[in-house]
Amino acid sequence: MPKRMLVTLPDHDITTYYLRAWGKKAVKYAEDHSIEVTSLDRDKANRKNVESYLSNLPFGMVFLNGHGDENTVQGYNNEPIIIAGKNESKLKSTITYAISCSSAMNLGDASIKAGAICYVGYAQDFMFTLDESNSTHPLEDKLAGLFLEHTNIFMSAIAKGSSVSEAYDKAKGSLRESIMVAESSGNRTILSWLLWDYYAFVAKGDISSRL
Amino acid sequence: MNKKITKQIKELVIARLEIMPNNMKVSIGSYGAFSKDDLKRHVEDEDEIGKKVVEVQMAFLRAIKEGKLYPQE
């Protein structure tokens, strides 16, 4: 599998601003482990660019950040960039990780049917808490970290050569740790959102594969 | 979630939201990021966001009841 990764990092609202900050950390893990990264940053995270790169270069991994629904992952300004029934075949032969609401539900299955090796993502809305007083420094936001750290754990493990299954288990473990931290801090409202994400986080396809 | 939210459930969820720290917001999918007061208002209004909040909170309470609060795997 080519050690090359395509990443989308839109940044047009508070949610994508946070995802971009945490996503860039994941990109660094990949680069530190000799994975060639093509980043579609901010307004470059559009359908035309995504399709063009996936059509013209062999990528082993696709890392998508943005809003979504059961059938789409979205890019800059919520433009659908991968759409079930239209272009999911672009993910053929890749391990795809989409931090995007609900896309693992239909798009994940459609992608695998169309030849994607794996689709890791969320089968429900992805939610996270944030500390308004830290919102200009997403990586220092401990509230957000409880929800987003697992995404970096997953990407770090993949970058180091773990299988999707191993990386997924580590990421789930990270979410369990976050649940314990939230419980011990006595903040039960955070627990509810964390548990939601924990059960929404799924991995489909050949999870024995690795980059 | 299309069912009307009962008064009892609404009160329960709003009580749970009340304990949220004031500096905390929740990013809910494509809907945006909401403060405690925003979320309470959406639950009162029973709109899409409010119904989603109720869905999450009720799933949490079910998890407690079923002993699934601390997943083992």
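Computed from heavy atoms alone, side chains included, the values below leave out hydrogens, waters and symmetry copies. Reminder, nothing fancy here: chain letters follow the sequence lines and each chain counts from 1. From a predicted model like this one, the values you see are computed outputs, not experimental measurements.
- Contact annotation for Leu143(A): only side-chain heavy atoms (C-beta onward) come within less than 4.5 Å of a heavy atom of chain B.
- In summary, of the residues considered (Asp125(A), Thr16(A), Asp13(A)), a side chain to side chain donor-acceptor pair (under 3.5 Å) with His67(A) occurs for Asp13(A) alone.
- Taking the six-membered ring where the residue is Trp, Tyr168(A) and Phe201(A) present tilted rings, their angle falling between 30° and 60°.
- When each of Ala59(B), Ser35(B), Ser30(B) is scored by its heavy-atom pairs under 4.5 Å with chain A, the top score falls to Ser30(B).
- Residue contact with chain B, scored on non-hydrogen atoms closer than 4.5 Å, involves the backbone of Phe126(A) exclusively.
- Taking the six-membered ring for Trp and the full ring otherwise, Tyr18(A) and Phe128(A) have centroids separated by under 6.0 Å.
- Heavy-atom pairs under 4.5 Å with chain A were tallied for Leu61(B), Ile19(B), Ile28(B), Ile64(B); the largest tally goes to Ile28(B).
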Could you go through Ser100(A) and Leu64(A), starting from their C-alpha distance and side-chain angles, then the distance that decides it, and tell me whether this counts as side chain to side chain contact (heavy atoms under 4.5 Å, CB included)? CA-CA 7 Å; Ser100(A) 182; Leu64(A) 304 168; 5.9 Å; no
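- In this pair, Tyr97(A) and Phe63(A) present their aromatic rings parallel. The plane angle is below 30°, not in the 30 to 60° band.
- The contact between Leu191(A) and chain B is made by backbone and side chain atoms together, counting heavy-atom distances below 4.5 Å.
- Using a 4.5 Å cut-off between heavy atoms, Asp131(A) touches chain B through backbone and side chain atoms alike.
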